[in-house]
Every structure is written in C-alpha cells, then in structure tokens.
Chemist: 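Starting off with a structure, shown below.
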Amino acid sequence: MEIPDTKTNEKEDTRNVRKISGALAVIEALVAEEADVIFGLPGGANLAIYDALFDYEQQLKHILVRHEQGGIHAAQGYARTSGKVGVVFATSGPGATNLLTGIADAMIDSTPVVCITGQVFAHLLGSDAFQETDIVNMSMPVTKWNYQITNAEEIPSVLAKAFYIARSGRPGPVLIDITKNAQLQEFDYRGYEKCHHIRSYRPRPIVREQYIQQAADLINTAKKPLIVWGQGVILGGAENEFKTFLEKSGIPGAWTLLGAGAIPSDHALNVGMLGMHGNYAPNVLTNECDLLIAIGMRFDDRVTGRLDRYAKQAKVIHLDIDPAEIDKNVKATVPVWGDCKETLPLLTSLIDKREHKEWLRQFHALYKEEFETVIYPELNPVSGEVTMGEVIRILNECTKGDAVIVSDVGQNQMTASRYAKLNHTRSKVTSGGLGTMGFALPAAIGAKYGAPERTVVVIAGDGGFQMNIQELGTIMQNSLDVKIIILNNRFLGMVRQWQELFNDRRYSFSDMENPDFVAVAAAYGISGRCVSERSELDGAIKDMFNNKGPYLLEVMVGKENNVFPMVPQGAGISEIRLR
Amino acid sequence: MIKQDSPRKEYNLTIYTENNVGLLSRICLIFTRRQINVESLNASPSEVEGIHRFNILIYETVQGMSKLARHLEKLTEVLKVYYHTNENVIWQELAMYKVATNVIEEHVDVERLLRRYGARTVAIRKEYTVFEVSGQRGETDELTSVLQPYGLIEFVRSARLAIIKDSEGFNRKLREFDGIV
C-alpha cells in the first residue's frame, strides 16, 4: 500500500492559501477576468474595495465618473466597442439605485456588464441603516442574475459566476451586492478559478440539424426572401459567418437599430434599416417577401409595427440563441435555436448560391423614391435651416465611415442611425430597447476606452445631452479624446414631432430653454464652437477633428424638422410614410 | 403579442430549481409582470436531493403558457419547467377544519358527513376538534359549505400538489444538465 505523503500535501495547500480581505478578493477577481477598465464612484459602503484598488494602478484602470448612471453607461459603451464585460462600481443606497436605468438598458440591449455594489454591514440589513437599500430585489427584474454576498469566502466563486453569466449565451447585466463586513473580512484565499459551467444555466441551446435542413430548403426555394438581422450577429462575433451566408444566398439584408454595422453600410446586399424610422424599401417589402430570415433579432415593436399586419404572407426562419425569443412576437415556421456563429455556417453549407436580381431591383426602385423624397433633401439642403442629416453627411466625409458613432435617443439617434456610414462592426453604440436619453455622453467615454485607437463621436440632442451633462467632468479629468456634436433644435425633438403629427401641434412642455453649451464645455476646459449657418458647418466639423482632445460642437438645426420616413405607432409596417 | 384566441385553462407548472435565496421572488416577478394571478404555489424538496420543486397553479392560454415556460427557464437557477393540464397530473390539496367538539357530540350527522368525506382527526380538545381532508378542490369546498351551518371555526387549505402522470422523474434529466449523460 502506498502511503500518501500528507506532510507535503499539507505544505502545498498552505502555500497556495493566503489570508486576504474580501475587498482584495474582488480586485483579484477583476484582474483574473482581465477587466482592464472599471468605471465607478466610491462611497461609504464600498470604501474597502476602493482601498484595495488603490494598490492595483498598474493592472486596473479606474475611471471616476460623476454619477453612477454615467458609470454604468460607460461600462455599457466599453462592452459594446470592446466585446468584453463592462465593470462598474457603486456604493450602497443612492449609488446602487442610480445604476438601475443603466442596468435596465443593458438588460434589454443584451449588454454584458458586471455591477459591484457596496452594501451596509450584514447585521444592519433590514434595519433602514444609512444608505441601505434593497438593491438585490430592486434589480431582480432587470438583471440576468444578481446575488448578495455577506461572507467573503463566497467572493471568488460568485464573481466567477457573475462574469460567466454576463458574457455567455445572450449577454446581460449581473449585479453583485457585497456587504461591508464581507469586504473587510479576512479569509483563506485559494486563488481565483474562472467559471465555465453552471448546471441550471444553459447559455447555448443545442443546435438541431433537422431545422437547419428545413431552413435551407425554404431558402433554396424562396422567390423573394428577405434577411432581417440584429445585434445577435455582433454579440455572437459572427460578422464573417453572416457575410458569407449573405453573399452566397444573394438575399437582401436589412438591419435593426442595434444590428447596424455588422455588415458595412455600402455592401451591395445591405438594403438599410428596419422599423419606425427605417428605410422605405425594407419596411414596405417586408410585407411582400415570401420568406423572412430573422437572425439574432427579437421583432421589437419598433421594428414590426402592428404585428397582425407584419409579414403575414411570409414564412419565417428565426435564428436566435435565446429560446424565449422564438415565437414570442412572430411565429417561426422554422426555429433555429443556437449561437448564430455556429448555425450560420451550417446553413451556408446547405444553401445554393443564388442571385435575386429582380427582387433586388424592387428594393432599388423604392430606395430611389425614398432618396428623392427624403434622403437627398435631408442631406443636401440648399436653403433654410441646417438639417440633422447634412451634419451626418459632412461627418461621413470626415470619418470616411471609420469612426464609432455613439448616438443618444430621439431624432438625433434616428438621423445618425439612418445616415452614418459604418465600415466596421461595433461602430454604432446607442440605447435601443430602453431608449435612454442621456446615454450617449457617458457611453462614449466607455466606447473610447473599449476602442482607444478609434475616433469616437457623440451625436446627441440638446435634451438628452443635459441628462448626463456632468460626465463632461470625467472627460476633462482624463483628457479623453471624444468629439461631441449637439444637434440643438431647442426642443425635445422627437416628442415635438409626435405632438405635431398626432396631437395637433400642441407642444406640451417639449420646448427647451438651454444653457450656452460651448460655455459649459469651456468651464470643463473643453474646446468648442457653436454654428448655425450652413456655410460654416463644413469647416466647423473639420476643425473639430483637427482639434486634439475633446471637443464640443453645437449645431443649431431647424426647430421643427421631422425625421421621415415614419411608421405611425399602431400602423402596419408597409404603411410607412415618406412625408 | 400573438393574438391569444384560445381560452385560458388551468395549468399545473412543475419547476425544478436550485435551492437558492430569492428564487421565489424571481419566479413571482415573472408572473406579476405578465399580470398572471398565482392561484396556488407550493415549494418543496423533489425526488432529487438538493433540487427544489415548485408546484404552481395558474390560468393561462396555450400560447401564453409556452412563452411563460421559456421565460421561466431563462432564470439562471431554474433547471426545467414542465406544464400540464389537469388531465395529465394526479393532484391533491390538503384542507384542515376546526369545529367545536360539542357540535360533533350533539350532531350525529356531522360525524356522518366527516366520515363520508374521509376526514381524519388530527387533534381533539375539550373545546374544538381539528380534521384534515385531502382531496380535490371541489370535495374540500363541498365539505366547507356543509360544515358552515354547524359553526366552522377555522378552515385552511394547502397549495395544490401535483405528480406528473407521464414522467420518469428528474434524476436522468439532472444527469444531462450535469453533463454526465
């Protein structure tokens, strides 16, 4: 019988064990997960974590934001451009509740974020202690997972789970609430082990080959197929697989707001944006196609319009990683569950190489109509007030389509999404599902850290910009090279548009008296300029890019311009209005 | 939403989960968000050690039910959701009745009634006697209404417990989740 050398084993064990604080274990976890940038704001309940962070300047960059909402939007922006998990720190109470809007935003837009909140001492839980709030219950419906740690020994394994859940399958936000005693507690730390499996959590559904075959059969016999793709293609890192599929099939493809950029804007088979303010052709022809191939998109109501008038004539193939999306809004003839990085190549191998020239001509004819009625006059006005569209046109001339465009919400967002030229994936960051005004400025901060080599441009309205205007301070402190364009129409523009069209121009509380944005920027040490004349616009945008460092350009645009085309709420998608 | 033209039916949900703090809230939030009233809810251990089993009774349409089940399965701590109409489960509820002891002594028909419903005596005190009956909703309701005239002091009924007729239990499925099968 072999006698195990217990003495050596014990020695080895103790060598790998060290006494550290819970707070330090948090930092060790972040280093192990390669979370190179953290956005956050310290407070009473996360002081210990910040104290541990103080010694890790070399491994972890921490960006001090001015408000926790700015912190989480920055983490989202970081996740969206880098493809990594964004991390945000907040203290208990108001620190934690200030995260909620961003958490809800990340949930509906499937953005991987880990939020680490401080919490009062465990013995004070439930006592209405200073800055105590039940953030775990509050964030439950808007997190993919959340958990409260009251014992430091749980920190390594729970954080490993948090990162795994946030990034795997359909990504989303995870919140980990850590009580102060757990942060301070010294425990036997045995190192950090990444999580790769949780038995009750199955992020990747099993791909069923019979559905791939059925889908391929439908594609091979379709006469007027249409691809509608969403952010799933980008989240799955399946841009190349998608392009191969698109090009072999020869099928026109249209994108949702968050799918923008997965295929370059000028690709011959890219027929434009879907939905309420999307392009005319894909909306109208959705109701004429005989096969709709939905890839990594969720048939949001802003994309479908009235569901009982949406693609009723078409068979539907739905590729999605989230089984709950299949049949949720639109019934799938063939459901293809799975990661599209895995399913698309399988599908590509089974389809015939085809061209759909006649069908594409229909798209081109409708595009021509939209171009003449809407696009050309919007992008190339010769008289009257400056339009949002011409700002984007000049921006495209400067960026050549290589910049990251971070748009806010409303008219500025729709105009930027419709017209911004995108050559690369992960180039369009915006709040899609939640429509969070105030998203763009902090998201751009994160976007820049996620893609430091790229030019990052904020497109915001005067309303939304003021919702997180304080993050100019974060830009200042870090001399962050972010270019900011405010499209100022002195209105909550999209609200005003709806009031004009549907409420007889009763502009109920949508007009705005604004500060001098350039002076505000100047107070933060950020250069800027305001233009209202068309003749100055081109030079002003070029100056913005020639200026080193952050810059704020305020453009006074037409007060009562509308974004068209538009599908009125409650209308079918093909009832899209050009004017 | 897909037009929900089918009628709402009674559905018995069987949810296998990890046994974690807060999971009940997570599950209930999904019902609340969809404005579904939970008719009955029971949480208990299951046939597999360490695995929890929820029995939940709701009224829902066929289409609504399948969406709901997928939504519940999205919860990271939920292992599996099954749902069945009443024909496909064996179900029981437990009811308890407290009646004044002298009523039983004085009214022989009360004793007869209790015997007819298969009531079992749980406790006999000078002032009161407690009976339990397990059965289906209609039966326990009926006994409640016939006892009312005799002065029913307290009545309580448990959540519905349901066993799936066509099920081999969760052991094999769990091995699949563990990646063993």
Side-chain angles (χ1 to χ4, degrees), chain A residues 107 110 125 134-150 154 158 161-162 164-166 168-170 172 174-175 177 195-203 205-206 299 301 304 306-310 312 316 320-332 335 337, chain B residues 1-6 15-36 46 48-54 61-81 83 170-181:
Chain A
M107 185 69 172
S110 311
L125 286 170
D134 186 359
I135 195 64
V136 170
N137 270 308
M138 272 190 241
S139 62
M140 215 173 255
V142 288
T143 45
K144 192 173 168 189
W145 184 59
N146 67 12
Y147 192 81
Q148 184 172 65
I149 298 176
T150 53
E154 287 191 301
V158 168
K161 258 179 94 171
Y164 172 58
I165 291 172
S168 58
R170 180 180 180 172
V174 171
L175 181 139
D177 194 36
C195 175
H196 300 288
H197 174 75
I198 299 169
R199 73 171 172 188
S200 59
Y201 169 62
R202 290 168 306 286
I206 297 160
F299 294 108
D301 59 272
T304 63
R306 245 180 93 152
L307 271 176
D308 58 2
R309 294 185 203 155
Y310 181 77
K312 282 295 166 198
V316 177
D320 209 289
I321 197 165
D322 180 358
E325 288 301 340
I326 307 284
D327 294 344
K328 187 181 83 177
N329 295 330
V330 172
K331 183 102 185 108
W337 297 4
Chain B
M1 294 279 279
I2 292 174
K3 206 174 151 206
Q4 298 198 341
D5 42 12
S6 65
I15 310 177
Y16 288 95
T17 72
E18 299 291 355
N19 184 8
N20 288 354
V21 175
L23 191 50
L24 177 63
S25 296
R26 285 177 214 280
I27 289 172
C28 289
L29 277 171
I30 290 176
F31 293 108
T32 315
R33 186 172 169 193
R34 293 164 176 257
Q35 295 222 303
I36 295 170
S46 72
V48 186
E49 203 188 323
I51 300 289
H52 236 55
R53 174 177 177 149
F54 286 84
T61 61
V62 186
Q63 301 93 325
M65 202 51 244
S66 88
K67 287 183 201 178
L68 178 69
R70 284 181 189 170
H71 199 164
L72 286 164
E73 280 190 349
K74 275 178 81 163
L75 295 175
T76 51
E77 287 136 334
V78 166
L79 285 144
K80 188 74 194 158
V81 178
Y83 57 96
F170 200 66
N171 272 300
R172 192 187 150 74
K173 199 83 195 161
L174 185 66
R175 288 201 297 277
E176 268 175 42
F177 290 146
D178 278 332
I180 295 164
V181 175

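When reading the values below, keep in mind they use all heavy atoms of this one structure, side chains included, and skip hydrogens, waters and symmetry mates. Lettering follows sequence order; numbering is per chain, from 1.
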Chemist: So, taking the atom named OG in B:Ser66 and the one named NZ in A:Lys328, what distance separates them when rounded to the nearest 0.5 Å?
Modeler: 13.0 Å
Chemist: Measure distances from A:Asp301 to the heavy atoms of chain B and classify the residue's part below 4.5 Å as side chain, backbone, both or neither.
Modeler: neither
Chemist: Do the side chains of A:Arg199 and B:Glu18 get close enough for a salt bridge, i.e. N-O under 4.0 angstrom?
Modeler: yes
Chemist: Go through B:Lys80, B:Arg26, B:His71, B:Glu73 and name the one with the most non-hydrogen pairs under 4.5 angstrom from chain A.
Modeler: B:Arg26
Chemist: Show, in sequence, the C-alpha distance, side-chain angles and deciding distance for B:Lys74 and A:Lys144, and conclude whether the side chain to side chain contact (heavy atoms under 4.5 Å, CB included) test is met.
Modeler: CA-CA 9 Å; B:Lys74 275 178 81 163; A:Lys144 192 173 168 189; over 6 Å; no
Chemist: Hey, could you give me the OG1/OH distance between B:Thr76 and A:Tyr164, rounded to the nearest 0.5 Å?
Modeler: 11.0 Å
Chemist: Considering only heavy atoms from C-beta outward, does the side chain of A:Pro141 approach that of B:Arg33 to under 4.5 Å?
Modeler: no
Chemist: Of the backbone (N, CA, C, O) and the side chain (C-beta and beyond), which part of B:Ile30 lies under 4.5 Å from a heavy atom of chain A, both, or neither?
Modeler: neither
Chemist: Begin with the C-alpha distance, continue with both residues' side-chain angles, and end with the deciding distance and a verdict on side chain to side chain contact (heavy atoms under 4.5 Å, CB included) for A:Ile326 and B:Arg70.
Modeler: CA-CA 9 Å; A:Ile326 307 284; B:Arg70 284 181 189 170; 3.6 Å; yes
Chemist: Can you tell me how far apart CG (B:Asn20) and OG (A:Ser200) are? Round to the nearest 0.5 Å.
Modeler: 7.5 Å
Chemist: Under a 4.5 Å cut-off applied to non-hydrogen side-chain atoms, are B:Val21 and A:Gln148 in contact?
Modeler: no
Chemist: Any side-chain heavy atom of A:Tyr201 within less than 4.5 Å of one from B:Glu77?
Modeler: no
